[in-house]
Each structure stands twice: as structure tokens, then as C-alpha cells.
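A short worksheet on the structure shown next.
Residues: numbered from 1 along the sequence shown. It should be emphasised that the depicted structure is a prediction, and the values quoted were computed from it without experimental measurement. Atoms considered below: every heavy atom in the structure, side chains included; atoms not considered: hydrogens, waters and symmetry mates.
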Amino acid sequence: WANTYNGTGNGTDKSYGIITDGQNIYITGESAGSGTVQDFLTIGYKPDGSYKFSPVRFDGTGHDEDIAYSIEYTNNNRIEVTGSSRSGSTQGTEDAVLIMYDTQGQEQWIQTYNGPSGNSDIPLKVVKPQNSSSFISSVGYTINSAGKKDIMILSYTNSGTLRGAAILDGPGNDDDIAYSGTSVSNDLIYTGFVTNTAGNADFVTGELVDALIIGIIKDPAAIPSSFKLYQNYPNPFNPVTKIKFDIPENSTVRLVVYDCLGKQVKALVNDELEAGSYETVFDAASLSSGTYFYNLNAGSFTQTNKLV
């Protein structure tokens, strides 16, 4: 059998993702809406080609260009769809969107993410861990403040809470994109390209421990020769900033943020890490403005910096 679908706007309708639960088939993509430009469209088919559930649309807050790129079937009989949705009416206002449906097409929850730069955030692939149904991740890219693409990796709990967001800017400080990902145990493996210092694109493949449970990303091009804790950027910040550190050898690493009274407010890293250069994001949206300190302990190395 072969089915076609013409959307309510009688315009462009394209499918980009397909998945099966072993019997039924689920697809997602974009569809012209009636007065809403493009919408997410998700359809469930039975094995004989009839609808398992009728087409489900998602029209974002901007009622503009909303495109679903990827779909996944999770271990707990749910369907995850990811893509981008414009919160405004112009390019550059795209937010990353993750929607959970049940197998009858009923929306369970929806989550959006607007990255630190406030520019476009485009998830291209949704990835589930092999041995867990408790969280799911997406990989793609975000546009940084310089207008270049950085690798973006997001991870959510099964109830829709953001567990972590990792951004990777390659050595050339130019365009970098993750196109796909998979999982080994509960670790996320992503792949795509980074731009090198000569301006050429190189393959990149990286692993994130426990699929971002610590919200940290490793730069695959860096081989540090000494321990180092960098000044956060931007600083001052509101409310999100990046913290980078180098470890030249495998180490037990703890990176903690304290307030001006010495009280711990957040542990950003607490894990065994391989030698490399790492970057994590500190989101202080729930904290009062003021002065904070972040301390890195790795092996016998310790260093504290101030952020405001």
C-alpha cells in the first residue's frame, strides 16, 4: 500500500522521520496549515495502511514555520517527536521542541528550549538510550552570538524536564553540526562535523556520559597538557554562562558553584572523566543575582574563580 496526505493548507507537506513499534508505523514532518504557514504533522498507521490515529498537528506560538525532523518510539510505549518552532515570524526565532505522544496520538507533554544566545535552536535527531526509558535526548545545532552554528545536545526526563544542555564550538569557531546520534548503555554517542582552524569540516564523534546527566560535553579536538579552569563566558551573565576546564589525565572531577557565603548552590560535575577539554553550562535562572564562585577539584588540582 501507499498513502498520501494533503494538509489543511493545501501547500507543502513533507515527511522526514519514520519509526515502528514492531507492528504499527509512525511518521512525522511538516505540513502547510490553514493560516499557520508550516506545522508539525505526526501520523500513525496500522500494518494495513489505515490510520492508527488521525494526523496530529502542532502549531507553535509564532504560528509560523514549525518543522518536525525526527521521531522515536520509546520503551514505555510513547512516541517522541522533535523539531524547531518559530516563536516569532522571522528566521532566527526558532526554538527546539520535543513532544511526547502516546500511541493513540494524544499529546502527553511538550517542551521547548531557547538556547543561551537567543537565536535558532534546531534539533535534527531524537535519540533514546538503549537501556532506559527514563530520558531521551536530541542532537542538532544552535546559532551562537557570532551567527555560527554550534553542536547542541539536549536531554529530557520522561516527564519532560530538561536534564541538561550541552553546546560544542569546534576549534575553528565556525559552523559545527551534529546530525545523528545513538546510545551505548546509557551514554549518548553523537556524530556530525566541526570546522577546523583551516576552515575545513572534519568528522566528529563524541560521547556524553549518561546522556547529559551531568550536562557536560568533551571537545574531541583538544589534548590538554595541564589542568586549567577557565573564566566563565559571558561574565557578567544573565542567566546562563559556560564554564570550560582542562584535565590532562583521567581524574575524579568535581565542579561546584557556591554563593558568597560559601554555601553550595549547584554541583555541575561530579564524575570520573577521561583526559580532555570539557565545557558545561551553568543556568542561574532560579537564583538571585549577585556574586558566585565556582571551584574545580581534579586529582590534586584545585582552583576557584568568581562569576557575577
Side-chain angles (χ1 to χ4, degrees), residues 92-93 95-96 113-121 141-155 162-176 194-195 197 206 208-209 212-248 251 253-271 273 275-299 301-308:
T93 61
D95 294 334
Y113 173 80
N114 184 14
S117 70
N119 294 326
S120 297
D121 306 295
Y141 67 90
T142 182
I143 304 295
N144 62 29
S145 58
K148 301 298 184 180
K149 298 179 178 71
D150 290 339
I151 288 175
M152 175 186 72
I153 303 173
L154 307 174
S155 184
L162 182 68
R163 302 171 67 244
I167 310 297
L168 171 62
D169 184 12
N173 297 315
D174 209 310
D175 286 343
D176 314 296
V194 293
T195 303
T197 55
L208 286 90
V209 177
L212 280 183
I213 195 166
I214 57 174
I216 185 173
I217 193 163
K218 182 180 180 182
D219 183 348
I223 306 175
S225 58
S226 61
F227 289 97
K228 184 173 182 179
L229 177 63
Y230 294 81
Q231 185 62 49
N232 64 297
Y233 178 83
N235 190 45
F237 70 99
N238 183 24
V240 176
T241 189
K242 298 178 183 179
I243 299 175
K244 180 181 176 182
F245 60 91
D246 294 342
I247 54 172
S251 304
V253 176
R254 183 168 170 80
L255 178 62
V256 179
V257 179
Y258 298 91
D259 64 18
C260 59
L261 299 178
K263 180 182 177 181
Q264 178 179 317
V265 296
K266 192 165 187 178
L268 301 176
V269 181
N270 186 18
D271 209 350
L273 298 181
S277 182
Y278 294 86
E279 185 177 271
T280 188
V281 174
F282 173 50
D283 187 346
S286 62
L287 301 174
S288 302
S289 60
T291 301
Y292 293 88
F293 298 88
Y294 57 103
N295 172 261
L296 176 69
N297 271 283
F301 175 83
T302 184
Q303 182 179 333
T304 301
N305 289 350
K306 181 170 73 173
L307 53 82
V308 294

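Distance check: Tyr294 OH to Phe245 CZ gives 11.5 Å after rounding to the nearest 0.5 Å. Separating the CG atom in Asp174 from the CG atom in Asn144 is a distance of 9.0 Å, to the nearest 0.5 Å. Between the OH atom of Tyr230 and the CD atom of Glu279 there is a distance of 10.5 Å, given to the nearest 0.5 Å. If you take CG on Asp121 and CG on Asp150, they are separated by 10.5 Å, rounding to the nearest 0.5 Å. Between Lys242 atom NZ and Asp169 atom CG the span is 6.5 Å, to the nearest 0.5 Å.
Looking only at side-chain heavy atoms (C-beta outward), Ser251 and Phe227 come within less than 4.5 Å of each other. Within the 4.5 Å cutoff, no side-chain heavy atoms of Val269 are placed close to those of Arg254. Counting only heavy atoms from C-beta outward, the side chains of Leu287 and Tyr292 approach each other to under 4.5 Å. Taking 4.5 Å as the limit, some side-chain heavy atom of Met152 sits within range of a side-chain heavy atom of Tyr113. Residues Thr291 and Lys306 are in side-chain contact: their nearest non-hydrogen atoms beyond the backbone lie under 4.5 Å apart. Leu229 has its side chain within reach of Leu255: a pair of non-hydrogen atoms, C-beta onward, lies under 4.5 Å apart. Taking the side chain as every heavy atom from C-beta outward, Pro224 and Ile247 never approach each other to under 4.5 Å. In this structure the side chain of Leu307 reaches within 4.5 angstrom of the side chain of Phe282, judged on heavy atoms.
For the pair Leu261 and Asp259, the tightest heavy-atom approach, listed with the atom from each and the gap, is N-OD1, 2.9 Å. Of all the heavy atoms in Asn119 and Asn114, the pair that sits closest is O-OD1, 3.9 Å. The minimum heavy-atom distance between Ile243 and Asn232, with the atom names listed, is CG1-CB, 3.9 Å. Closest non-hydrogen pair, Ser117 versus Ser145, comes out as CB-N, 3.8 Å. Ala298 approaches Val253 most closely through the heavy-atom pair CB-CG2, 4.1 Å. The shortest non-hydrogen separation linking Asp176 to Val194 is OD1-CA, 3.1 Å.
Distance alone, capped at 3.5 Å, places no donor-acceptor pair between the Thr197 side chain and the Gly172 backbone. Using a distance-only test at 3.5 Å, with no hydrogens or angles considered, a donor-acceptor pair links the side chain of Thr142 to the main chain of Ser120.
For the 3.5 Å distance criterion, the side chains of Asp246 and Ser226 fail to qualify, holding no donor opposite an acceptor.
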